[in-house]
Amino acid sequence: MIMSRIEARPDEDTVAAATVTPGSLAERLLAGLPAEAVLTDPDVTSSYAHDMASFCEAGTPAAVVLPRTVEQVQHVMRVATALRVPVVPQGARTGLSGAANASEGCIVLSLVKMDRILEISPVDRIAVVEPGVVNATLSRAVGEHGLYYPPDPSSWEMCTIGGNIGTASGGLCCVKYGVTAEYVLGLDVVLADGRLMSTGRRTAKGVAGYDLTRLFVGSEGSLGIVVGAVLALKPQPPQQLVLVAEFASATAACDAICRIMEGGHVPSLLELMDRTTVKAVNDMAHMGLPESTEALLLAAFDTPDPGTDLAAVGALCEAAGATQVVPAEDAAESELLLQARRMSLTGLEAVKGTTMIDDVCVPRSRLAEMLEGVDRIAAKHRLTIGVVAHAGDGNTHPTVCFDAGDPDESRRARESFEEIMALGLELGGTITGEHGVGVLKKEWLAREIGPVGVEMQRAVKAAFDPLHLLNPGKLF
C-alpha cells in the first residue's frame with residue numbers, strides 16, 4: 001500500500017562506519033532476510049553484474065539480495081548504511097545504459113521477487129503494484145477490466161515496472177500516450193538510510209508540495225528504492241489499424257511525418273525504418289520488402305474510425321512522395337505490417353553480431369537532418385548503422401553494428417556513437433529519450449545540462465543520499 005508518512009530517522013549508532021568483510025556483510029543481511037534471499041556464490045552473483053548495454057564497465061557484487069517485502073528492503077538499506085556498502089537496485093536488467101551495472105563490492109538489490117499487483121480500480125482508474133511486476137503482466141491484468149496501461153517498451157514481456165520507473169522508459173505508443181512519467185501518480189520509496197517515504201497521490205488531481213514523484217521517475221535508483229507505485233490507467237482503446245508507406249528517400253519520409261503532425265493527426269504509433277534496417281530485416285526474415293525502399297513509415301490509429309484516419313494520413317504520405325501506401329483492413333493484417341518493425345533490432349544484430357543502440361531524441365522538424373547525419377557518420381567510420389525511430393516524437397534509435405572481437409571496429413563503433421550524440425545536441429535534441437543515462441552517457445549528461453545543472457542535480461542527490469551509497473557512478 002502507498003504509505004502516508006516518513007518513518008523516524010534511525011539512531012546515529014546504526015550508521016556508524018564498520019569494517020566490512022564478505023562474511024560480516026552476509027551475517028548482517030541474513031539477520032533480517034531468509035537464507036534463500038541472500039546470494040554470495042561468485043558464480044551466481046556474477047550473472048547480476050550488468051544490464052544489456054555495450055561498453056559499460058561493471059564491478060563484482062559482494063552479495064545479491066532478492067527481497068519479497070518492504071521491510072526486507074528497509075533492512076538491506078539499514079545494513080548498507082551501517083557498513084557503508086553501496087547498493088545497486090535492479091529490475092529485469094533489460095536496460096541499455098549500464099544503469100543497473102554492479103559497483104565493485106556492492107549489494108545488488110534485485111526487486112524481481114516483489115511482483116504483486118496489489119490493486120486494480122476501474123473507478124479510480126489506477127493500479128497499485130510492486131516494482132517487480134512485469135510490464136506485459138500488468139497490461140494484460142488491467143485489460144481484463146477494460147483498462148489500458150499505455151507505456152510499452154520493446155522489452156515489455158520482460159522489463160519490470162520498477163525498471164521502467166527508474167529509467168522513465170517509453171515505447172511505440174508514446175506519440176499519443178506519452179512516457180512512463182505521465183502514468184506514475186505516487187510512489188513508496190525506501191530511502192538510503194532505510195526510512196520509508198510516500199510521494200504523490202492516488203487521486204486524479206493533486207498539487208500538494210514539490211513533485212517528488214517525478215523526481216524519482218528517471219533517477220535510475222540513485223535517490224531511493226521504489227517499492228510500490230500507484231499508476232494511472234486509461235480506458236482500453238479500440239483495436240488499432242496500421243498503414244505502411246514506402247519512400248524513395250528518408251527526407252521524403254520525414255517530410256510526411258511533419259505533414260502528419262502539422263495536420264493535427266494523433267496516431268497511436270508513428271515509426272520509421274531506414275534503408276539499412278529494412279535490408280537487415282529482409283536479409284534475416286525474407287519478408288519481400290522492396291529493395292528500392294529507402295525508408296518505411298508505419299502509422300497506426302486506435303480511434304473509433306481508424307480507416308478514415310489512415311486514408312487521410314495515406315494522402316499526406318503520397319503528397320510527400322510515397323511510392324507505395326498500404327493500409328491494413330483488419331487487426332490481423334495490421335499485425336503483419338508491424339512485424340518488420342518488431343524484427344528491426346534482431347535483424348540489425350544479425351549484421352555483425354553486436355549492436356550499440358542509441359536513443360537520441362531531436363525535434364520532429366529536424367529528423368531528416370538527424371538521419372542524414374547518421375549516414376555521414378556511418379560512411380566516415382566504415383560501419384553499418386541502421387536507424388529505427390519513434391518518429392512521432394523524434395526519438396531515434398541509431399544502431400551501430402560491429403564485431404566485438406575486432407578492436408579497431410569496436411573503437412570505431414564507440415567513436416561513431418559519440419558523434420551521433422553530439423549530432424543530436426547540435427540539432428537541439430537530447431542524449432536520451434527513453435533509455436536513461438547510466439554509465440554509458442554520464443559524460444554527455446554534463447554537456448547537455450551544463451555545470452550549473454550538474455551542480456544542482458548533485459545537490460538533490462546529496463539531500464537524499466548523503467553517503468552516496470545508492471547506485472554510485474551513475475548519472476554523474
Side-chain angles (χ1 to χ4, degrees), residues 50-58 88 94-101 103 153 163 166-170 174 179-181 215 217-223 354-364 366-367 369-378 380-381 383 385-390 393-402 410-461 468 470-476:
H50 55 83
D51 63 15
M52 293 185 174
S54 302
F55 296 117
C56 292
E57 65 272 15
V88 175
T94 57
L96 293 165
S97 69
N101 283 15
S103 303
T167 58
S169 59
C174 292
V179 296
T180 295
L215 186 61
V217 178
S219 66
E220 302 182 11
S222 64
L223 301 179
T354 307
T355 57
M356 192 173 188
I357 307 168
D358 210 333
D359 71 318
V360 171
C361 195
V362 298
R364 300 182 192 101
R366 309 200 73 174
L367 268 172
E369 294 172 78
M370 184 68 190
L371 268 66
E372 291 166 0
V374 171
D375 266 352
R376 291 193 300 271
I377 291 168
K380 172 184 174 181
H381 292 281
L383 291 167
I385 304 178
V387 179
V388 290
H390 307 314
D393 49 28
N395 194 172
T396 68
H397 291 303
T399 303
V400 184
C401 307
F402 65 101
S410 295
R411 175 189 58 79
R412 286 185 277 123
R414 184 58 192 254
E415 289 176 357
S416 68
F417 186 86
E418 302 282 328
E419 290 182 22
I420 289 168
M421 285 193 285
L423 172 64
L425 291 181
E426 289 169 12
L427 294 176
T430 176
I431 59 167
T432 175
E434 57 188 11
H435 294 168
V437 176
V439 175
L440 188 62
K441 297 186 174 182
K442 61 183 184 179
E443 293 179 6
W444 284 93
L445 175 64
R447 299 191 196 189
E448 178 171 334
I449 67 177
V452 176
V454 170
E455 179 184 349
M456 298 311 297
Q457 295 212 14
R458 285 178 174 165
V460 172
K461 165 74 169 171
H468 294 275
L470 285 169
N471 217 6
K474 314 298 167 51
L475 291 169
F476 310 111

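The analysis underlying the following values was restricted to heavy atoms, covering all of them including side chains, and did not include hydrogens, waters or symmetry mates.
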* To do: Decide side chain to side chain contact (heavy atoms under 4.5 Å, CB included) for S54 and T354; before the verdict, give the C-alpha distance in whole Å, the side-chain angles of both, and the deciding distance to 0.1 Å.
  => CA-CA 9 Å; S54 302; T354 307; 4.3 Å; yes
* Please step through side chain to side chain contact (heavy atoms under 4.5 Å, CB included) for the pair T399 and I385, ending with a clear verdict. => CA-CA 5 Å; T399 303; I385 304 178; 5.8 Å; no
* Asked: Yes or no on side chain to side chain contact (heavy atoms under 4.5 Å, CB included) for L383 and I377, after CA distance, side-chain angles and deciding distance?
  -> CA-CA 8 Å; L383 291 167; I377 291 168; over 6 Å; no
* Can you check side chain to side chain contact (heavy atoms under 4.5 Å, CB included) on I449 and V454, steps first, answer last? -> CA-CA 7 Å; I449 67 177; V454 170; 3.8 Å; yes
* Please test R447 against E443 for salt bridge (Lys or Arg N to Asp or Glu O under 4.0 Å), starting from the C-alpha separation and ending with a verdict. => CA-CA 7 Å; R447 299 191 196 189; E443 293 179 6; 5.0 Å; no
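The shortest non-hydrogen separation linking S410 to F55 is O-CZ, 3.5 Å. Across all non-hydrogen atoms, the minimal contact from L223 to K461 is CD2-CA, 3.7 Å. Between A53 and G98, the shortest heavy-atom contact is CB-N, 3.4 Å. Considering every non-hydrogen atom in both V374 and P398, the closest pair reads CG2-CG, 4.2 Å. Between S97 and D51, the shortest heavy-atom distance links the atoms N-OD2, 3.9 Å. The two residues H50 and N101 come nearest to each other via the heavy atoms CA-OD1, 3.1 Å.
To the nearest 0.5 Å, the span separating CG on L470 from CD on E220 amounts to 13.0 Å. Within the model, atoms CG of L475 and OG of S222 stand 5.0 Å from one another, a figure rounded to the nearest 0.5 Å. Note that CG of L440 and CG of D358 are 7.5 Å apart. Values are rounded to the nearest 0.5 Å. Considering NZ of K442 and CZ of F476, their distance stands at 11.0 Å, rounded to 0.5 Å. For the atom pair I420 CD1 and L425 CG, the distance stands at 12.5 Å (nearest 0.5 Å). Here the SG-CE distance, from C361 to M370, works out to 9.5 Å after rounding to the nearest 0.5 Å.
A salt bridge links R366 to E369: one of the charged nitrogens lies within less than 4.0 Å of a carboxylate oxygen.
At least one donor-acceptor pair under 3.5 Å links the side chain of T396 to the backbone N or O of V360. Remark: side-chain polar atoms of N471 are paired, donor with acceptor, to backbone N or O of A99 under 3.5 angstrom.
Using modelled atom types and a 3.5 Å distance limit, the side chains of D359 and T432 yield a donor-acceptor pair. Between T180 and S169, the side chains place a donor N or O and an acceptor N or O closer than 3.5 Å (distance only, hydrogens not considered). With hydrogens and angles left out, the side-chain atoms of E448 and T430 include a donor and acceptor closer than 3.5 Å. Using modelled atom types and a 3.5 Å distance limit, the side chains of H381 and E419 yield a donor-acceptor pair.
Using a 4.5 Å cut-off on side-chain heavy atoms (C-beta onward), L367 and V362 make contact. Side-chain contact between K474 and V437 is absent, with no heavy-atom pair separated by less than 4.5 Å. Contact annotation: the side chain of T167 never approaches that of E434 to less than 4.5 Å [non-hydrogen atoms, C-beta and beyond]. Looking at F402 and R414, their side chains never come closer than 4.5 Å, going by heavy atoms from C-beta outward.
Relative orientation of the H397 and H390 rings is perpendicular, given thresholds of 30° and 60° on the angle between their planes.
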